[in-house]
Amino acid sequence: MDLIYEPWPWYVSGPMIALIMFLLIMVDKRFGMSSNLRTVCSMVGAGKNVTFFNFDWKAQRWNLIVVLGAIIGGFLAANFMTPNEAVAISPETISDLKNLGFESAGTAYLPTELFSNAVFSDFKVLAILIIGGFLVGFGARYAGGCTSGHAISGLSNLQLPSLIAVIGFFIGGLLMVHVLFPLIF
Amino acid sequence: MRTTIYLAIGILFGITMFKSEAASWFRIYEMFQFQAFHMYGIIGLALILGILITQGIKKFKVKSFYKNTVHFEPKDKGVVRYLVGGVLFGLGWALAGACPGPMYTLLGAGYLSMAVVILAAILGTFVYGVLKDKLPH
C-alpha cells in the first residue's frame with residue numbers, strides 16, 4: 001500500500017478524520033466545516049440587516065484559515081499525490097450510473113457530466129449545482145451542523161440532536177438518490 | 001503561530017478528504033446505494049475513535065495544548081430543526097456530492113465548477129439566517 005500515490009483505504013481515512021477532530025479540540029477549536037459559511041456571510045456585511053450574522057466574525061477567522069488549508073490540501077493531493085484520479089467504485093454502481101447517463105463513472109474523480117468546465121454554459125447542470133449547494137448551506141445551518149459537526153463531533157459527544165440530524169441526512173440522501181435521481185437524470 | 005497551526009490542520013484535512021475519496025461524488029452516490037463498505041468504514045471508524053477521544057478527554061479532564069479546560073458544548077434540544085434541516089442537507093449532499101469541507105478541497109483540486117456550489121451554499125446559509133425566526137425549530 002502506497003499512502004502517497006494510492007487512494008487511502010477506510011481504515012487509514014477514518015483515523016485521520018478522528019486525528020483532525022482531536023487536533024482541533026486540543027487547540028481549543030471544534031471540528032465543524034459548515035460554520036465557515038456563516039462566517040463568510042458575516043464578513044461580507046450580512047450582519048447589518050440580519051441578526052443571525054451579527055457577531056464578531058474576526059473571532060471566527062480561524063475557520064476561514066482551516067478552509068484555506070482545505071483548498072491547499074486539495075490542490076496538493078490532486079496534483080502531487082494522485083497519478084490516477086479514477087475512483088474505484090463498485091461495478092454495480094458503475095453500471096447503475098451508466099444507465100443514468102454518467103459515462104464517466106469509474107474513470108474519473110468527479111462526474112464530468114456535472115463538474116467539467118463545460119457546465120458553465122449548461123443551464124440544467126448549473127441549476128443542479130446551485131440547488132445542491134443551496135440545500136447543503138441552508139440545511140446545514142437549519143440543522144446546526146453538517147457531516148463533521150454532527151456525524152463526527154456531535155455523535156462522538158453522544159448528542160441525541162446529532163443522531164436525529166444524521167438520520168435526517170440519510171433520509172434526504174436516500175430520497176435524492178433513489179426517488180429523485182431517476183426524475184432528474 | 002496559531003494561524004500556521006490552523007492552516008496545517010486544514011491542509012491535513014484537505015489531503016484526507018481527497019485521498020479518502022470522501023470528496024468524490026461517486027463515493028457519496030455509492031454510499032446511498034449501499035453498494036460498498038468504504039464510506040461506512042470511514043465514518044464508522046472515525047466515529048468509534050471520536051467517541052473514545054471525546055469521552056477520554058472528558059473522563060480524564062485532559063487540558064488542551066494551551067492548558068485550557070476542554071468544554072464540549074451540548075447541542076440545543078429539539079427534533080424538528082435537526083430532522084428537517086438534516087433531510088434538506090442530505091438532499092443537497094447527494095445531489096452535489098459534496099458536504100461543506102470537501103467543496104473547498106475540490107475547488108483546490110481544480111474543479112472550478114465547485115465555486116458555483118460554494119456560492120450557492122453561502123446563499124443557502126444567508127437565506128436560513130433571514131428566515132430563521134419564521135422557521136419551526
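Throughout, protein chains are lettered first and strands after them, A, B, ... in sequence-line order, and every chain is numbered starting at 1.
Side-chain atoms of A:Arg141 never come within 3.5 Å of backbone atoms of B:Thr125 as a donor-acceptor pair (strictly under, hydrogens ignored). Under a 3.5 Å cut-off, the side chain of B:Ser113 and the backbone N or O of A:Phe115 do form a donor-acceptor pair. For B:Glu30 (side chain) and A:Ser90 (main-chain N/O), a donor-acceptor pair under 3.5 Å exists by modelled atom type. Checked by atom type and distance alone, the side chain of A:Glu92 never pairs as donor or acceptor with a backbone atom of B:Gln33 at under 3.5 Å. Between the side chain of B:Lys19 and the backbone N or O of A:Met81 there is at least one donor-acceptor pair closer than 3.5 Å.
In this structure, B:Phe65 and A:Phe22 have perpendicular ring planes: the angle between them is above 60°, well past the 30° mark. Classification of the A:Phe138-B:Tyr128 ring pair by plane angle, with boundaries at 30° and 60°, yields perpendicular.
The two residues B:Gly78 and A:Ile164 have their closest heavy-atom pair at O-CD1, 3.7 Å.
Using a 4.5 Å cut-off between heavy atoms, A:Val40 touches chain B through its side chain atoms alone. Using a 4.5 Å cut-off between heavy atoms, A:Leu100 touches chain B through its side chain atoms alone. Only the side chain of A:Val50 comes within less than 4.5 Å of a heavy atom of chain B; its backbone N, CA, C and O stay farther away. Proximity to chain B is limited to the side chain of A:Arg30, based on heavy atoms less than 4.5 angstrom apart. Of the atoms belonging to A:Leu110, heavy atoms from both backbone and side chain fall under 4.5 Å from chain B. Looking at A:Ser104, both its backbone and its side chain come within 4.5 Å of chain B, counting heavy atoms on both sides. Residue contact with chain B, scored on non-hydrogen atoms closer than 4.5 Å, involves the side chain of A:Leu180 exclusively. Heavy-atom distances place no part of A:Ser148 under 4.5 Å from chain B, backbone and side chain included. Looking at A:Tyr5, the atoms closer than 4.5 Å to chain B (heavy atoms on both sides) all sit in the backbone: N, CA, C or O. For B:Ile57, the part lying near chain A is the side chain, with the backbone staying farther off; criterion is any non-hydrogen pair under 4.5 Å. Proximity to chain B (any heavy atom under 4.5 Å) is restricted, for A:Val119, to the side chain, taken from C-beta onward. Residue contact with chain B, scored on non-hydrogen atoms closer than 4.5 Å, involves the side chain of A:Ile184 exclusively. With a 4.5 Å cut-off on non-hydrogen atoms, A:Phe170 touches chain B through its backbone and its side chain both. Looking at B:Met39, neither its backbone nor its side chain comes within 4.5 Å of chain A, counting heavy atoms on both sides.
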**Request:** Carefully, step by step, assess B:Tyr104 and A:Asn36 under the rule side-chain hydrogen bond (donor to acceptor under 3.5 Å, both in side chains).
**Result:** CA-CA 11 Å; B:Tyr104 293 103; A:Asn36 67 75; 2.7 Å; yes

**Request:** Could you check A:Asn157 against B:Glu73 for side-chain hydrogen bond (donor to acceptor under 3.5 Å, both in side chains), going step by step and ending with a plain yes or no?
**Result:** CA-CA 9 Å; A:Asn157 193 26; B:Glu73 201 67 42; over 6 Å; no

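Within the 4.5 Å cutoff, the side chain of B:Phe34 has heavy atoms near those of the A:Leu174 side chain.
Ring to ring, B:Phe89 and A:His150 are not that close: their centroids are 6.0 angstrom or more apart.
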